Every structure is written in structure tokens, then in C-alpha cells.
Amino acid sequence: MEELEERLRLGADRLREWVSEREAEKLPEAFRDYMLKQAGLLEHVLAVLRNPKTMANAETNKVLYSDILGEAYRKSYCNPAYCSRVFRKKYGEKTAQCLNWIAANIRDVITASYEKDVWTVVIWLELFLEMEGILNECLPEDEDGLSGTLKNLIYYFVHDYEEERIRRSICSLVVPDEDGLIFQLVMNRDHHDMAYLYEYGEPIGENEIRLAEYLSSFSVEDLDAMAKTYTEGYRKGFEAAGIDLSAKKTVEIRYPIGTEPIVKRAILQFEKMGLKPAFRRKTNTQAIGVVSTPPSRQYLHDHRFDDALYLNKALAGEKVQMAKGVFEEYREEAFVYAGPAVIETFGEELFVPEKVDAAPKYTGGQEEVSLSYRRDYALMQDEFIPGDKRSFTIIAYPVPEIGEDFEDIFQETVKINTLDTVRYGQVQQAIIDALDEGAYVRVVGKDGNHTDMKVMLHELEDPSRQTNFENCLADVNIPVGEVFTSPVLTGTEGVLHVSRVFLNGLKYEDLQFRFENGEVTEYSCGNYKEEKDGKAYIKENILHNHETLPIGEFAIGTNTTAYVMGRRFGIEAKLPILIAEKTGPHFALGDTCYSMCEDLVVHNPDGKEIIARDNEYSVLRKEDPQKAYFQCHTDITIPYEELGLISVFTKEGKETIIIRDGRFVLPGTEELNDPLDENKAGMEETNA
């Protein structure tokens with residue numbers, strides 16, 4: 001620590017000297033403003049590091065994030081398009097991309113300064129000073145030399161510090177930290193005083209402030225009830241999977257800033273289960289963990305492939321080995337890691353990203369290297385945190401950005417999250433009983449929806465003890481409302497189409513896939529004028545850069561109450577996939593729902609074993625695990641109003657209809673139409 005403090009002192013002194021002596025004026029003119037912007041950020045961060053509590057306020061927060069807020073992002077050096085316009089003509093596109101990468105990623109120092117993370121601040125401060133020397137000596141005519149030098153600077157910066165970054169990431173996953181900033185903000189702050197929000201160092205806006213204000217007005221009893229839905233779902237997930245929760249000690253909690261009143265009650269409930277919390281801090285361009293609403297979603301989208309500047313096979317292999325070494329060191333902690341408990345939000349404005357040619361993209365074999373790295377990392381991690389020895393839960397609530405009905409929508413969401421699971425289980429069992437008699441299911445759209453899918457089912461050797469579909473009852477996946485299976489790929493074919501859907505924060509218009517033997521063969525969407533741009537959008541964000549993906553899941557959503565909520569408030573497109581998947585049939589592209597847990601025997605409440613845990617890809621895990629998994633799973637839902645028919649066919653050709661024209665017609669499921677009828681009657685009364 002003494003060495004770090006000395007490096008910090010030397011770097012801070014040099015930065016102060018550089019600024020005070022106006023050394024930016026010695027730089028080539030093109031770089032002066034750029035370097036002054038980075039120096040200004042570092043000066044603010046050093047001030048925060050000296051006294052984070054004093055600097056935790058709205059004014060400082062706005063200054064730290066001002067260059068990527070709203071329209072300001074268009075003229076920010078964090079914007080690859082702007083960097084390209086400023087630097088490309090004189091110094092080339094590669095130089096522009098390197099400078100853009102540094103401007104975007106140096107922002108990790110913001111949250112680091114509030115956590116008194118001297119190491120992160122020091123390494124970026126030293127990188128800035130090294131870069132200043134490089135730019136000071138560059139010549140305009142040596143474009144390739146400059147870009148090559150900057151690229152090497154970035155590569156070795158990543159390479160040399162990667163093991164420590166991995167160590168910190170794994171520790172934040174499996175090691176509880178009750179002395180850390182996040183724990184203190186959740187457990188030991190007055191949540192009626194919004195000042196605590198700024199101590200995170202994350203961008204704080206209306207969503208975080210209004211959500212925190214709203215939740216702090218709830219009684220402890222109401223907060224306990226909401227937290228219990230979440231924590232009991234977690235516990236029931238272990239129970240349903242037959243995993244011993246008492247052998248676990250750590251729960252990883254992911255939540256949106258502003259929900260601390262709920263999270264605090266949840267932590268107290270988890271403690272009664274013998275679990276202590278761990279918190280994963282997101283990075284500047286990877287929004288997983290403890291998060292706030294991004295100042296610019298275009299910014300996150302532009303930087304999703306930032307590793308394209310340095311990724312190669314050797315580095316990817318080293319990272320996996322580094323991580324394995326860290327996991328070996330923390331083997332005991334990894335063994336008692338129980339899994340993530342996730343709170344999500346929904347309701348942000350629909351977002352269609354602009355196409356930015358200057359943004360980093362994978363070239364050559366980088367796509368395959370990236371896919372191989374994610375797969376190899378997941379397989380390695382499974383050695384230390386086996387999928388069949390952990391579980392998870394996930395729940396979602398709206399943010400104020402959803403509109404003036406925010407509080408009503410929030411209360412409706414609480415209602416949806418606490419529907420009667422016993423009754424739903426009985427109704428869904430009627431659907432499963434019908435499906436288990438079939439060889440395949442047919443799904444057909446209507447009113448402009450071109451869906452026509454044939455979904456093959458596994459053959460049940462003993463129908464009295466086996467089933468194809470899981471009766472999903474709001475444990476790991478809240479709210480209640482679906483039956484799902486891993487279909488047989490061979491013979492599964494047809495067209496999947498939705499007029500509009502919102503997936504992982506991105507909007508898709510007129511999205512369509514064609515399948516043969518359960519795999520994607522063609523795809524398109526109407527987001528862009530050029531068909532190739534739509535294909536690239538789908539490949540990057542739904543296929544996750546795979547050339548094709550199989551259908552990992554087919555499900556029938558039954559939560560008509562959630563569907564009606566979406567229709568009544570006009571927020572169908574804003575519902576998170578967690579809720580949207582319960583409002584119609586859906587198909588998931590990628591891995592099955594039982595990925596890396598296929599050998600875990602799972603039973604429905606009626607005692608039948610769910611045997612459809614594998615497909616033709618996942619069974620390859622026994623011979624070649626690298627061919628078995630895709631590290632992605634994206635649900636695409638057909639809403640009831642676009643649904644003409646769901647029916648199941650036996651080997652003999654007998655058809656049993658489950659849904660016709662968006663209504664449940666199978667005997668034993670008719671009550672699912674009640675919310676639809678009540679909504680229709682209410683709308684007619686309003687119109688009258």
C-alpha cells in the first residue's frame with residue numbers, strides 16, 4: 001500500500017505540474033483539448049479520492065458525467081464517431097479508435113475514487129502521463145507509427161494489469177464484503193436522505209432519486225413483504241432443484257441503485273438463511289452488478305466490442321488461466337457461493353441504437369476468439385462453481401421513467417409478483433398434461449404475424465413418471481406464469497415473427513427468424529433501411545456473433561394479468577423479458593434452461609421428472625463440452641394479440657388446441673381468460 005501511495009503522490013504531482021505549467025500547449029494542436037479533458041477528469045477524481053464523502057453530491061456527479069449525458073455525448077471524446085471526425089483525417093482511424101478507447105475506459109476511475117480504490121486511479125493516472133509523452137513526440141506523417149504505439153500502450157496496459165482485475169472481479173463475486181462501500185450504503189445509511197445515492201459515484205438521475213424516495217415511503221412491513229417474494233424465490237429454487245442451501249454461505253446481490261430499502265430487508269432475510277452478501281461492481285462499459293440508469297445507452301452500445309482493439313487468442317487463453325489460478329486460490333469461497341439474486345428494472349424509453357461505423361468491431365478471427373473465450377471461461381468456472389450446485393432468482397420493478405403512472409404500475413407489478421402460485425400450478429398442470437400427450441406443438445400467428453412453427457417434443461418412455469415441461473412457479477424466475485421445455489431440434493422448423501419486441505434494452509421492429517432442424521437459417525428486422533444493417537444488429541445482439549443458434553427453449557406464457565397490465569398502461573414494449581416471456585408463447589435462442597445443470601434430476605410439483613433437459617447440442621458436453629454451449633439465451637415472445645393458434649399433435653395426428661385467437665380454450669385453463677375479459681369490459685365501459 002505504501003508503494004501505491006507513493007505512485008499516487010508522484011502521479012498527482014506530475015499531473016498538477018502538467019496542468020499548471022500549461023504543458024498541453026506543447027502538444028500538437030489536435031490533441032490539446034482531448035488531453036485537457038482527460039486531465040480535468042483525473043483532477044476531479046483525485047479530489048474525490050482525498051475526501052469522497054464531501055464530494056458525494058449532485059453538482060460533482062453532474063460534472064463527472066456531463067460529457068456523456070444526453071446531447072453532450074455527440075461531441076464527447078467517448079463517442080467513437082466524434083473521435084473519428086476529430087482525428088481521422090490527420091492521424092488515421094486507428095489512432096482515433098485508440099484515443100476513444102482511452103477516453104471511455106479511463107472513466108473507471110470515477111467509481112474507484114469513491115471506493116478509495118487507489119490502485120485503479122494510479123494505473124490510469126500513469127497511463128495518461130505515458131500517453132502524454134507519446135503524443136508530444138508524434139509526427140503527423142507517421143500515422144502508422146502513432147497508432148501502433150498507442151495500440152501497444154493499450155494492449156500492455158490490459159495485459160499487465162489483467163490478473164489483478166480478474167482477482168478483484170472474482171473476489172467481488174464469491175467473497176462477502178461487509179466493510180465495503182456498497183454494504184455500508186445499503187445497511188448503514190438513512191435512505192430517507194437522498195444524499196447517500198451520490199456516494200456510489202455512479203451517474204444519479206431522476207430514476208434513482210424518485211425510486212429511492214418512493215421506496216423510502218413504504219412501511220418496514222411492506223418492504224419486508226417485497227423482499228420476501230425475492231428471497232423466498234431464491235430459497236425455493238434450491239428446494240425445487242434438490243440443492244442443499246445450508247451448505248452455502250454467500251449470495252451475490254445485483255440491484256439497481258434506488259432500491260436499497262428493499263435490498264436491506266432482503267439482506268436481513270438472507271442472513272437468516274445463513275447467507276452473507278457479495279456485490280459485483282459494474283465496470284464503466286459493462287452494466288452488470290450494482291447499476292444505475294446509464295447517462296447514454298448509445299455510449300454503452302458503441303463500446304460493447306471495445307476489446308476488439310487488443311483481443312487475440314494468446315491473451316484470451318492467458319485470461320482463462322489467470323482466472324483459473326484465482327479460483328484455485330479462492331476454491332473454498334467459490335464452493336460455498338450460492339448464486340446471484342437479481343433485481344432488475346424496466347420502463348426506460350425504447351432505444352434503437354444509431355449505427356456507428358467508427359465504433360470498434362471484431363476483425364479477422366476475433367469473433368471466434370471472443371466466443372471461445374466466453375465458452376472456455378464458463379467451463380472453467382463451472383469446475384469451481386458447478387451449475388448443479390447453485391441457483392438464482394430474478395425479479396423486476398418499474399422505474400419512474402416509465403411515465404406518470406409509475407406508482408400505479410409499481411403496485412400492479414407487486415401484485416403480479418405475488419400471484420397465487422398454487423392455483424397457477426394447477427392450471428399450468430392442465431396444459432402440461434395435454435402437451436405430454438403430443439409428439440409436436442404447432443404455433444401460428446394471426447393479423448399480420450407470420451409465425452408458423454412446428455416444435456418437436458421428446459418422447460416420454462414412462463408418461464406416468466415423466467414429463468417434458470417444467471411447471472414454472474415463481475421461484476428462480478419471478479413472476480409465475482409459464483410452462484417450458486427444451487425441444488428436440490431435429491424436425492423443429494418454421495418461421496418465428498413478432499411485429500415489435502424489446503430485448504435486453506434494445507428495440508426490434510418486424511423481427512423474423514427461419515429455422516430448420518431447430519437452428520436459425522435466416523433472419524431479418526425492420527430497424528434499418530439497409531437489410532444488411534438489420535442483419536448485423538441481430539447477429540451482434542441476439543445471435544451474440546454466432547453464425548447460427550439453436551432453439552434452447554419453447555414455452556407457453558400464462559400470466560394474462562401481466563399481459564393486461566402492459567396493455568392497460570400502454571407499456572407492453574417496455575416490459576422486461578422476465579415479465580414479457582409470461583405473456584405469450586416464447587422461443588429462446590441459445591442454450592437450454594438447464595445449461596450446465598442437465599444431469600441434475602428435476603421434478604414438477606406432481607412428482608414427475610422433467611426429462612427434456614437436453615438437446616442435440618447440450619448432450620455433446622459428455623464428449624466435447626466446447627461444442628455443447630453458446631453462453632447466451634434470448635427469449636422472444638409472441639404477444640397474445642398476435643397469436644392465432646397453439647395446438648399439440650399426437651403421433652396419430654390427434655390435435656388438442658390450447659390457445660385459439662389469443663384465448664385459452666383447453667379445459668381447465670379458462671380462468672386465465674378472466675383478466676382479458678375484465679380488461680375488455682373495462683375498456684368498453686371507459687369508451688362508452
Side-chain angles (χ1 to χ4, degrees), residues 226 229 344-348 350 395-399 401-428 430-431 443 445-449 472-474 477-484 498-503 555-586 635-646 658-666 668-688:
M226 282 190 283
T229 301
E344 288 187 341
T345 56
F346 64 94
E348 297 86 354
L350 299 181
I395 195 169
Y397 294 102
V399 291
E401 190 177 338
I402 204 164
E404 60 183 16
D405 295 319
F406 160 65
E407 293 188 10
D408 290 337
I409 295 170
F410 194 99
Q411 292 298 334
E412 282 295 306
T413 304
V414 171
K415 173 184 172 183
I416 287 167
N417 288 339
T418 54
L419 289 169
D420 185 350
T421 57
V422 174
R423 186 59 193 136
Y424 255 90
Q426 295 167 347
V427 173
Q428 290 178 174
I431 296 173
V443 182
K446 71 168 187 172
D447 296 339
N449 185 301
C472 187
L473 296 176
N477 199 322
I478 303 167
V480 70
E482 66 171 319
V483 300
F484 66 84
V498 286
S499 59
R500 184 175 68 165
V501 69
F502 193 49
L503 304 174
I556 299 176
T558 63
N559 198 323
T560 48
T561 301
Y563 172 79
V564 166
M565 179 186 77
R567 296 282 286 176
R568 181 154 65 90
F569 291 106
I571 58 171
E572 308 100 300
K574 294 184 177 182
L575 293 177
I577 201 63
L578 184 67
I579 297 176
E581 68 178 0
K582 314 294 172 48
T583 63
H586 63 266
D635 294 307
I636 302 170
T637 303
I638 305 170
Y640 295 127
E641 73 266 20
E642 296 184 19
L643 185 59
L645 185 73
I646 297 182
I658 296 171
I659 297 178
R660 180 191 287 122
D661 291 329
R663 294 180 62 82
F664 287 85
V665 297
L666 181 73
T669 67
E670 297 91 345
E671 66 188 82
L672 295 175
N673 297 320
D674 292 346
L676 303 175
D677 294 336
E678 291 169 9
N679 182 60
K680 183 178 179 181
M683 291 180 66
E684 289 174 350
E685 184 178 333
T686 300
N687 293 333

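These figures come from a predicted structure and were not determined experimentally.
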Which atom pair, heavy atoms only, marks the closest approach of [X] to [Y]?
X: Ala396; Y: Pro576; answer: CB-CG, 3.9 Å
X: Pro585; Y: Leu643; answer: CD-CD2, 3.5 Å
X: Ala555; Y: Phe484; answer: CB-CB, 3.5 Å
X: Ala562; Y: Ile579; answer: CB-CG2, 3.7 Å

Taking the side chain as everything from C-beta on, heavy atoms only, tell me whether [X] gets closer than 4.5 Å to [Y].
X: Arg567; Y: Leu676; result: no
X: His586; Y: Ile638; result: no
X: Val498; Y: Val501; result: yes
X: Asn449; Y: Ser499; result: no
X: Ile577; Y: Thr637; result: yes
X: Asn673; Y: Val665; result: no
X: Arg663; Y: Glu670; result: no

[X] bridged to [Y] by N-O distance under 4.0 Å:
X: Glu641; Y: Lys446; result: no
X: Glu412; Y: Arg568; result: yes
X: Arg500; Y: Glu572; result: no

Could you please spell out the steps behind the side-chain contact (heavy atoms from CB on, under 4.5 Å) verdict for Ile658 and Thr669? CA-CA 8 Å; Ile658 296 171; Thr669 67; 5.8 Å; no

Euclidean distance, [Y] [atom2] relative to [X] [atom1], rounded to 0.5 Å:
X: Leu672; Y: Thr560; atom1: CG; atom2: OG1; result: 5.0 Å
X: Leu473; Y: Ile478; atom1: CG; atom2: CD1; result: 12.0 Å
X: Lys582; Y: Asp635; atom1: NZ; atom2: CG; result: 9.5 Å
X: Glu407; Y: Asp405; atom1: CD; atom2: CG; result: 10.0 Å
X: Ile416; Y: Tyr563; atom1: CD1; atom2: OH; result: 13.5 Å
X: Ile395; Y: Glu344; atom1: CD1; atom2: CD; result: 10.5 Å

Using the ring-ring contact (aromatic ring centres under 6.0 Å, His included) rule, pick out the option among Phe346, Phe410, Phe406 that qualifies with Tyr397.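 It is Phe410; the other options fail the test.
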
Among side-chain atoms of Glu482 and Thr558, is any donor-acceptor pair under 3.5 angstrom?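 Short answer, no.
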
Please report the C-alpha distance between Asn477 and Glu581 in whole Å, then the side-chain angles of each, then the deciding distance to 0.1 Å, and finally whether the side chain to side chain donor-acceptor pair (under 3.5 Å) criterion is met. CA-CA 11 Å; Asn477 199 322; Glu581 68 178 0; 3.2 Å; yes

Exactly one candidate in Leu575, Asp408, Asn559 meets side chain to side chain contact (heavy atoms under 4.5 Å, CB included) with Met565; the answer is Leu575

